[in-house]
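To start, the structure itself, in structure tokens.
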Amino acid sequence: MTAYRSLLRQAPLVWRSVQQRPVNLALQCSRYASSSSGGREKRGGFGRFAGGLLVALIAGGAVLTYYPTTTNEPPKNREAVIEYEKPRPLPETKEDSRDLISSQHLQVKKSWEHPGVYCWGSNSGRVAAPDSTDTVVKTPRRIAYFDGQLVRDVKLDKEFGAAITERGDLVQWGTGFSKENPTPTPTLKGKDLVRIEISRDRIIALGKDGSVYSLPVAQSDQGGSTQSTSSSRSFWSNPSKINYRRLKPNGLGWGESVTNIASGLEHVLLLTSRGRVFSAASSTSGFPSKGQLGIPGLTWTARPQGPYDQPHEILTLKGFKISQIAAGDYHSLALEQDGRVFVFGDNSSGQLGFEVEKEIPFVDGPIPLPFSKMYRGTHEKPCVTSIAAGGANSFFTVDATRIAMPNEDPSGTRDVGRVTSDVWACGSGIWGSLGNGKWTHVSLGPSKIKALSSLREYDEKTNSVVPIRLAYMSVGSTHASAVMKNVTRVGASDKTSDQDTNWGADVVWWGGNEYYQLGTGRRNNIATPSYIGPLDGGEGDAEKGRKDETHRLQIAPKTTVRLGEGGKGRKATVEQRVECGRFVTAVYSAP
Ligand SMILES: *[C@@H]1O[C@H](CO)[C@@H](O)[C@H](O)[C@H]1NC(C)=O
Ligand SMILES: *[C@@H]1O[C@H](CO)[C@@H](O)[C@H](O)[C@H]1NC(C)=O
């Protein structure tokens, strides 16, 4: 028992690094929010571990094991359970010791040693696991082709996958690409691509120089270069055999170029470096007809002469400097740099979030979505900081700043200036993808995702309580994920103590799970943000005396490291990223 005590005493260092945030985010938040005193003592004591991870420490053969609650259950009384096990060899090196005390440390390390692409979800089109005939892939699995590789972007449909290699070449796979050979195959090369988007049947790719390419998904349609409508430029610069089209916005200013793209099933939005937005048809199977182009009156029959997929400037947005764009299947979002959001396109599930007296199924020109309404009576001033969309859903992150009200009693204005970060969702909720715990078909205006809103953490550097924001969201057809912008740690080295471990960023998942795309290993849909287990199924955890189901996936933050086993490979800047697609999900190592 004394051994156990002394272990506890030296534990805080360990706890801090192993147990980054309790599983129940809301719990954490209220704990931090409810106390304004310094963070020190909050680190100590068992309360700190509420809902946390399992930690196994080895002391003379006794294993102190802490079992947390799993993601969806309400917190129960927790206690440390002492189990006696066979003595294990004591760790020989600092790294052994770190791997032993922290699953998170091990996860970060593995991401550097074995970069690549993990996939799960539907495999009916051989996308999640091209080499396997399984119809679903229930938990993260590596795609062997990408082993050791960094990829710039990944996009996934149930029938096809697409990725950009570190050198900027396009790689495609899945039966939608080729029934005969669904394994990953390089297609469009030499274009220095930086980003891809997918429509129902085409890939829209953005080059580093701002060129936008549109090419068919199916290999059989990519055929001979003779009918290529590519510009004569590609004639001398390393001609590509793939048949593609260029999407070229007209009238770009001097030095203005396309900097981002966002595609739905039939349309694509193009954002330029000057904050202008263009839209174009992005599929050959259907011309956008739900207003998602943002050009009133533009239909297949009324379209102007020239290519059907020529980009049109969204004139309603002219004069606003747009900083972000997002597209769901049939709707569009644009965020102005000052925090104003514009929405247009399909609203049949309420994905535009905008309430009007008379419901209209779609809106064919951008309309502002007023967030001030959602904050009426709160003494807070909202500013939308990011947007995301997918399927029939829209998401917004909002920084709400506490302001002093004209007639307010000064004693109540202590927290004037305090910023709260909130996440709002609207659209279809039948799969749980609103993340608000409800299963509604149609949303009547945005609702807050409580588990991701008003979160706070104590920042040691500034000695203050700061909001926890999202790093970004990825939204698929029916499921979504959010990567938390939490304090991460990658500085453990030979020079720091063996209790100093690395940890990554938390990532939560929710929504449809009909093809196991949430990665929980089970098939039930989930209507609130939840953790999933680590990649490699917590492999290595068992031998370390830890139970995998008690560990959560964290992803490694951006760092410059030496890749490969034992850090003996090439030096690279790398981060893990999350991608929710159409019933398929990936985590990949990006440069
Ligand atoms: C987020 O940061 C806070 C404070 O630094 C910490 O208490 C919390 O556990 C962190 N979580 C993660 C995942 O880093
Ligand atoms: C969008 O749909 C929702 C749900 O039907 C409705 O409440 C709202 O008024 C609609 N907005 C517009 C602009 O049609």
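The residues of the chain are indexed from 1 along the displayed sequence. Atoms within a ligand are numbered from 1 in the order they appear, just like the ligands themselves.
Annotation: side-chain hydrogen bond (donor to acceptor under 3.5 Å, both in side chains) contacts of S279 (sequence neighbours excluded): none. Looking at residues two or more places apart in sequence or on another chain, you find a side-chain hydrogen bond (donor to acceptor under 3.5 Å, both in side chains) between D157 and R582.
Close contacts of ligand 2 with N347, meaning ligand atoms under 4.0 Å from a residue heavy atom, involve 1 (C), 2 (O), 3 (C), 8 (C), 10 (C), 11 (N), 12 (C), 14 (O). Under a 4.0 Å criterion applied to the non-hydrogen atoms of S443, ligand 2 contributes the atoms 3 (C), 4 (C). Per-residue contacts place L444 under 4.0 angstrom from the following atoms of ligand 2 (heavy atoms of the residue considered): 4 (C), 7 (O). Distances below 4.0 Å separate heavy atoms of V442 from the following atoms of ligand 2: 4 (C), 5 (O).
Counting only N and O atoms by type, the side chains of S282 and S263 include a donor and acceptor under 3.5 Å apart.
Remark: R340 fails to qualify as a cation-pi partner of F371 under the 6.0 Å distance and 45° angle criteria applied to the six-membered ring.
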